[in-house]
Number of protein chains: 2
Amino acid sequence: MEKYLQILREHGIKVTPQRLEILRFLDTHHTHPSAEDIFHELKKRNPSLSKTTVYNTIQSLMDHGLLISIVFSTHEARFDSVINHHHHLLCSECGKIIDIEVECPFTKEKITGGHRIDEVHGYFRGVCKDCLRKGGK
Amino acid sequence: MEKYLQILREHGIKVTPQRLEILRFLDTHHTHPSAEDIFHELKKRNPSLSKTTVYNTIQSLMDHGLLISIVFSTHEARFDSVINHHHHLLCSECGKIIDIEVECPFTKEKITGGHRIDEVHGYFRGVCKDCLRKGGK
DNA sequence: GCCTCATTTTGTAATATTTACAATCTGATA
DNA sequence: TATCAGATTGTAAATATTACAAAATGAGGC
Ligand SMILES: [Mn+2]
Ligand SMILES: [Mn+2]
Ligand SMILES: [Zn+2]
Ligand SMILES: [Zn+2]
């Protein structure tokens, strides 16, 4: 837990048990969880946890560049503490969101078509490797 | 209007005035409107229009590959009748969603990292050309 | 032209995620 | 230990989307 304490301190985020737990969960579960996923899991050990705290903490971590949101549909946002640039695939078979490590040409260009590009997000839809192996399709 | 009548017929979508109007609006306004935008605009000429019809029609057009949804945030979905592949930039200054015509290497590969890729969406955030010219930043 | 019936439209209600807010709590500091 | 700004909590509000059933529509057959 020392690791997460240090991360929060380095970013000037006041350390609280809730923030430590949320950060730890995100760092140890690279499954792109939703706010509900985080809340549901951490509430087991801390029954007084509030969903508002989860949302507040998520926002705080995003403001400090420690977290990105992944939005495949308006239904819900998913979150990822892996900041180094990568794309994402939503598997139509198993529903998982999977990291795609690719060399994306647009991440390097600061200007494209005259527009300034600050962030690049690649969202793919398809069928993941595991599901292809199992089911065919 | 003959054009949209033909499009619906070709795709086996039953022709109705509402569907014609929605299709026409999308084809003549490449501003990536929201469902609310479409509803609000078309209700002027057809006061009995229902928002459910807008959503139903959007879904139908998407099912037939005539429309794609653009999701930058969970707040709302935006829609685009331009199907030929292109990426999108959300300008943090003016809020517009702008088409980015680029050669994207991932659209050609059917398999990437062992996963099957069916759809590729490129979402950029930044500042558009017009806003750069005006405001600096 | 009229009937029929499947489909569509409409209006309302339900769902669910996210945000707003105020009271309470906490923890660092002096 | 007293203070107090900031964090947490619970509840309520906002809002986009979906579900549903009744009414309307429109193409095809007579
Ligand atoms: Mn990821
Ligand atoms: Mn577009
Ligand atoms: Zn899969
Ligand atoms: Zn702009």
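Each chain gets a letter, A, B and so on, in the order the sequences are listed, and its residues count up from 1.
- Side-chain proximity of B:His75 to C:dT8, D:dA16, D:dT9: nearest is D:dA16.
- Heavy-atom nearest nucleotides on DNA chain D were determined for B:Ala77 and for B:Val15, and the one closer to the 5' end corresponds to B:Ala77.
- Set against C:dT10, D:dT9, D:dG6, the side chain of A:Lys14 has D:dG6 as its closest nucleotide.
- Distances from the side chain of B:Lys51 to the nucleotides D:dT17, C:dT9, D:dT9 place D:dT17 closest.
- A distance of 5.5 Å separates OH in B:Tyr4 from OG1 in B:Thr28, rounded to the nearest 0.5 Å.
- Ranking C:dT10, C:dT9, D:dA16 by closeness to the B:Thr16 side chain, first place goes to C:dT9.
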Open item on the list: I'd like to know whether B:His32 forms a side chain to side chain contact (heavy atoms under 4.5 Å, CB included) with B:Asp99, so could you lay out the CA-CA distance, the side-chain angles of the two residues, the decisive distance to 0.1 Å, and finally the verdict.
Closed with: CA-CA 9 Å; B:His32 313 100; B:Asp99 291 330; 2.9 Å; yes
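- The side chain of A:Leu49 sits closest to D:dT9 out of C:dT10, D:dT9, C:dT9.
- Between A:Ser50 and D:dT8, a side-chain N or O to OP1/OP2 separation shorter than 4.0 Å is absent.
- Scanning atom types as modelled, one donor and one acceptor separated by under 3.5 angstrom connect the side chain of A:Thr52 and the base of C:dA20.
- The distance between atom CZ of B:Phe39 and atom C1' of C:dT9, rounded to the nearest whole Å, is 12 Å.
- Applying the 4.0 Å criterion to OP1 and OP2 of C:dT18, one finds that A:Gln59 has every side-chain N and O outside that range.
- Side-chain proximity of A:Thr74 to D:dT17, D:dT9, C:dT17: nearest is D:dT17.
- As rounded to whole Å, 15 Å separates atom C1' of C:dT7 from atom CG of B:Leu8.
- B:Cys104 is listed as a side-chain neighbour of B:Val120, based on a closest heavy-atom distance under 4.5 Å.
- The B:Thr57 side chain lies nearest to C:dT9 when the options are D:dT9, D:dA7, C:dT9.
- Taking only side-chain nitrogens and oxygens, A:Tyr55 never comes nearer than 4.0 Å to OP1 or OP2 of C:dT19.
- Using a 4.5 Å heavy-atom cutoff, the side chains of B:Ile7 and B:Ile13 are not in contact.
- Of the side-chain N and O atoms in B:Ser34, none sit less than 4.0 angstrom from OP1 or OP2 of D:dA16.
- Between the CZ atom in B:Arg116 and the SG atom in A:Cys131 there is a gap of 10.5 Å [rounded to 0.5 Å].
- One interatomic measurement links the two molecules: CD1 of B:Ile22 to P of C:dT8, which rounds to 13 Å at whole-angstrom precision.
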